[in-house]
Colleague: 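I have a structure I would like to understand better, so I am pasting it below and will then ask my questions one at a time.
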Amino acid sequence: MATETTICELSNHVGQTVTLRGWLYNSRSSGKLLFLIVRDGTGLCQCVLEKTDANAEMFQQARRLGQESSLAVTGCVRVDERAPGGHELALSDVQVIQAVEGYPITKKAHGVDFLMKHRHLWLRSRRQWAIMRIRSTLVDAIRRFFNDRGFVLIDTPIFAPSAGEGAQTLFEVDYYGEPVYLAQTGQLYVEAALMAHRKVYCFGPTFRAEKSKTRRHLTEFWMVEPEIAFAELDDVIALAEDFVCALVERVLAERRPELELLGRDPAALERITKPFYRLTYGEVVELLRGERVRARFEADLAAARTRVAELQRTIKEKEAERAAPGVKKWKAEKLAREILAAREELAEQEEAVRNIPHHMELAANFEWGSDLGGSDETVIARLHDRPVFVTHYPAACKAFYMKRNADDPRVANCFDLLAPEGYGEIIGASQREDDLAALLERMEEEGLDPTPYQWYLDLRRYGTVPHGGFGLGVERTIAWICGLKHLRETIPFPRMMGRLYP
RNA sequence: UCCCCGAUAGCUCAAUUGGUAGAGCGAGCGGCUGUUAACCGCUAGGUUACUGGUUCGAGUCCAGUUCGGGGAGCCA
């Protein structure tokens, strides 16, 4: 009986005969030689079966196995440079658990809609496999960061009784005949628990019913929200800085192969060290209206235009080459793939050319007092190679519970953290208003009925202290760390506007 | 709510601009002793999203509908 092992352990078994159980990822046959690429959840392994007089039947059976057939393979582990990963299995036995025919996700390209409809199977693909492993590590790093520092985990409710601000972005559900809402944040509850434990955090799904169909939006996403007592804005900033550094460090330490598989340059992440950049909202307004931002936009626009011209030329050339007489089939196919990729990029670059002038105008005419738009955040982040704290937004465009700045009452003691490379906001944070009268005043300004908030106001009546915290969006953080264009790949089963299956 | 783009074989895409719907992958069969999304040959596979219109003739043009992609607003 051969030892059973997994692919990630193979290097410890060189020269031994072992059994792997897994799924057929791909196979190639070369006459009397058969390559089975097996995945077992821990990695991929090339398995080689040589046809002999004795194993002819097994060879035939194995050769016909379809993608994703489940099987157990036994063979001798050997080092071979030609094998992906450096190790391969010289097979002596193949046991079929289930022979599969017609697995929908094939080796060639698929469209987004098709893949999303087959998300339950798409998860088996290498890129998705890598992303989920990074997500798992990131989530563990989040929990460990807070647990190691004496934070107490507080699970906050998902049914929320009051609409509060932005009722149109809440999902309403029927709660024994009463309308209640799926939580957008656990923050108010975490503040209550804070006064019991001094340092707390909540971590769970949150829900936004925004009618946004973009790569930056999900209707269900995960957020971690720490809250600390006896703290002012600078303490929250310091915590956020340590936290983000710890997350990146951990992923770099444990998931380098996965990052590599995703084509993510680790150097961009290795740069993520303290201190991050700090800008006040007022400085950002100046920046947006100033020369540097204009130059950045103009450079981006020029680059996009050049690229559009380049791509158009490339596509034409490749199309001519493909249509030329006597082109080999494989060559034509390769060209077709390249043309497709070029067209996709062309569409993106053309979109950029269309949008940038509008973004420039928005930035140039930006007025003090409004919230930063997506394009504003992007350009600020593009100007920096490390995350940027934007602090002290106008109080009027932020939530009622944020504490006003003592020196400049127009602004709140709050910040957003913008991830670099144009990824934008991953953290929203503030020092909380700890004074009862000031809090009531802010609620009145926002037109909020204090009745359902009496429990929250109690926190200011009985032992109020300066405190604050932040919320980090897990999916946006994963997208940034993995270098992904779209949030839908960062969560196993994304929920988006108009998409609920599987 | 608004703007742009798209829907052709199971999948990814072609169709010389209104004139006989094709290719690759996948599936099936055959060949090949080191493949790297292998390669080569053969076979099967279609109500061109739906409804209507223009035309001798519509995948192609027009109108509407549905679904999807991207973006704006708004948000995290």
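Quick note: numbers below take in every heavy atom, side chains included, and nothing from hydrogens, waters or symmetry partners. Lettering follows sequence order; numbering is per chain, from 1.
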Colleague: Under 6.0 Å from the six-membered ring centre of W122(A) and within 45° of its axis: does the NZ or CZ of R119(A) meet both?
Modeller: yes

Colleague: Remember a base hit wins even if backbone is also touched, and classify R215(A) as base, sugar-phosphate or nothing at under 4.0 Å, heavy atoms.
Modeller: sugar-phosphate

Colleague: Suppose the criterion is salt bridge (charged side-chain N to carboxylate O under 4.0 Å, His left out): which pairs have a residue in residues 39-49 of chain A, not counting sequence neighbours?
Modeller: R39(A)-E68(A)

Colleague: Taking any heavy-atom pair under 4.0 Å as a contact, classify H486(A): base, sugar-phosphate, or nothing.
Modeller: sugar-phosphate

Colleague: Please enumerate all protein N or O atoms sitting under 3.5 Å from an N or O of nucleotides 1-6 of chain B, with distances to 0.1 Å.
Modeller:
unit_1: U1(B); atom_1: O4; unit_2: K211(A); atom_2: O; d: 3.4

Colleague: Expressed in angstrom and rounded to an integer, what is the separation of L170(A) atom CG from A76(B) atom P?
Modeller: 11 Å

Colleague: Remember a base hit wins even if backbone is also touched, and classify F114(A) as base, sugar-phosphate or nothing at under 4.0 Å, heavy atoms.
Modeller: sugar-phosphate

Colleague: Please determine, for the side chain of N355(A), which listed nucleotide (C74(B), G69(B), G71(B)) has the closest atom?
Modeller: G71(B)

Colleague: Does R216(A) contact G73(B) through a side-chain donor or acceptor facing the base, at a distance under 3.5 Å?
Modeller: no

Colleague: Applying a 4.0 Å non-hydrogen cut-off, can you work out what E88(A) is touching in the nucleic acid: base, sugar-phosphate, or nothing?
Modeller: base

Colleague: Using whole Å, what does the distance between atom P of nucleotide C11(B) and atom CG of L121(A) come to?
Modeller: 14 Å

Colleague: Between S27(A) and V112(A), name the one whose nearest nucleotide on RNA chain B is closer to the 5' end.
Modeller: S27(A)

Colleague: Answer yes or no: is there a side-chain heavy-atom contact under 4.5 Å between L288(A) and V284(A)?
Modeller: yes

Colleague: Just checking D416(A): base, sugar-phosphate only, or nothing, at a heavy-atom cut-off of under 4.0 Å?
Modeller: nothing

Colleague: Dot-bracket for RNA chain B, please, read 5' to 3', with Watson-Crick or G-U wobble pairs under 3.5 Å on both distances, ( ) within the strand, [ ] crossing, | other strand, . unpaired.
Modeller: (((((((..((((.....[..)))).(((((.......))))).....(((((..]....))))))))))))....

Colleague: Would you classify L362(A) as touching base, sugar-phosphate or nothing, given that sugar-phosphate means primed atoms plus P, OP1 and OP2, and contacts are heavy atoms under 4.0 Å?
Modeller: sugar-phosphate

Colleague: CG of L218(A) versus C1' of A76(B): gap in Å, rounded?
Modeller: 10 Å

Colleague: Just jot down the ring-ring contact (aromatic ring centres under 6.0 Å, His included) partners of F243(A), sequence neighbours excluded, or say none.
Modeller: F145(A), F146(A), F470(A)

Colleague: What does R127(A) touch in the nucleic acid at a heavy-atom separation under 4.0 angstrom: a base, only the sugar-phosphate, or nothing?
Modeller: nothing

Colleague: Take nucleotides 25-33 of chain B nucleotide by nucleotide from the 5' end and write B, S or -, depending on whether a protein heavy atom sits under 4.0 Å from the base, only from the sugar-phosphate, or from neither.
Modeller: SS-SSS-BB

Colleague: What residues, two or more places apart in sequence or in another chain, satisfy salt bridge (Lys or Arg N to Asp or Glu O under 4.0 Å) together with K211(A)?
Modeller: none

